[in-house]
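First the structure, in the form of structure tokens, and then the observations on it.
Just so it is clear, the structure is predicted and the values come from calculations on it, not from any experiment.
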Amino acid sequence: LFPYTTLFRSTLNPLAVMAAFLAAERIQCGGDPTNTQNVWTANFCEVDVNTCTKKMLPYLWAVSIVGVILGAMLYF
């Protein structure tokens, strides 16, 4: 229970914390090579799923950074 109580007693805005979590989730959602949608798409295009992941990763990082900046501007 210790980590949870520390987060609840924190002075951080919960919406800012959630915005950071959602920004990080963008990378996992689109860039996970074991994600079912990514595997199916790579198989349909007859491309290795790791090749697709490597090509998408810079764009996903950019989207995540924009999400963090937007969350910081809105909630801090």
Side-chain angles (χ1 to χ4, degrees):
L1 288 173
F2 178 72
Y4 299 114
T5 57
T6 305
L7 182 62
F8 290 137
R9 293 181 187 170
S10 165
T11 59
L12 290 174
N13 184 351
L15 294 174
V17 173
M18 203 60 213
F21 284 151
L22 287 175
E25 186 265 340
R26 295 293 114 201
I27 296 172
Q28 180 188 6
C29 184
D32 183 12
T34 61
N35 194 350
T36 304
Q37 294 91 326
N38 295 345
V39 173
W40 285 0
T41 304
N43 285 338
F44 179 78
C45 296
E46 297 176 355
V47 180
D48 183 34
V49 70
N50 293 325
T51 304
C52 292
T53 302
K54 289 177 186 175
K55 287 184 178 182
M56 286 189 297
L57 206 53
Y59 300 107
L60 295 171
W61 273 103
V63 168
S64 180
I65 290 169
V66 167
V68 168
I69 291 170
L70 203 65
M73 287 173 33
L74 287 173
Y75 302 118
F76 273 121

Revision key, fill the gap. dist Met73:CE -> Ile69:CD1 (nearest 0.5 Å) comes out at 8.5 Å

Revision key, fill the gap. Interatomic distance, CG@Asn50 vs NZ@Lys55, rounded to 0.5 Å, equals 12.5 Å

**Study point:** N/O donor-acceptor pair under 3.5 Å between Ser64 side chain and Leu60 backbone
**Key:** no

Review point. What are the two closest non-hydrogen atoms of Val47 and Cys52, and how far apart are they?
Key: CG1-SG, 4.0 Å

Exercise for review: Would you name the heavy atoms of Asp32 and Asn38 that are closest together and state the gap between them?
Suggested key: O-ND2, 2.8 Å

**Study point:** Value rounded to 0.5 Å, distance of CG in Leu22 from CG in Leu70
**Key:** 11.5 Å

Review point. Would you say Asn13's side chain and Phe76's backbone share a donor-acceptor pair under 3.5 angstrom?
Key: no

Review point. Would a distance-only check, ignoring hydrogens and angles, find a side-chain to backbone donor-acceptor pair under 3.5 Å from Thr53 to Val49?
Key: yes

**Study point:** Within 6.0 Å of CD in Gln28, more than 12 heavy atoms from elsewhere
**Key:** no

Exercise for review: Could you check Ile27 against Leu57 for side-chain contact (heavy atoms from CB on, under 4.5 Å), going step by step and ending with a plain yes or no?
Suggested key: CA-CA 7 Å; Ile27 296 172; Leu57 206 53; 4.3 Å; yes

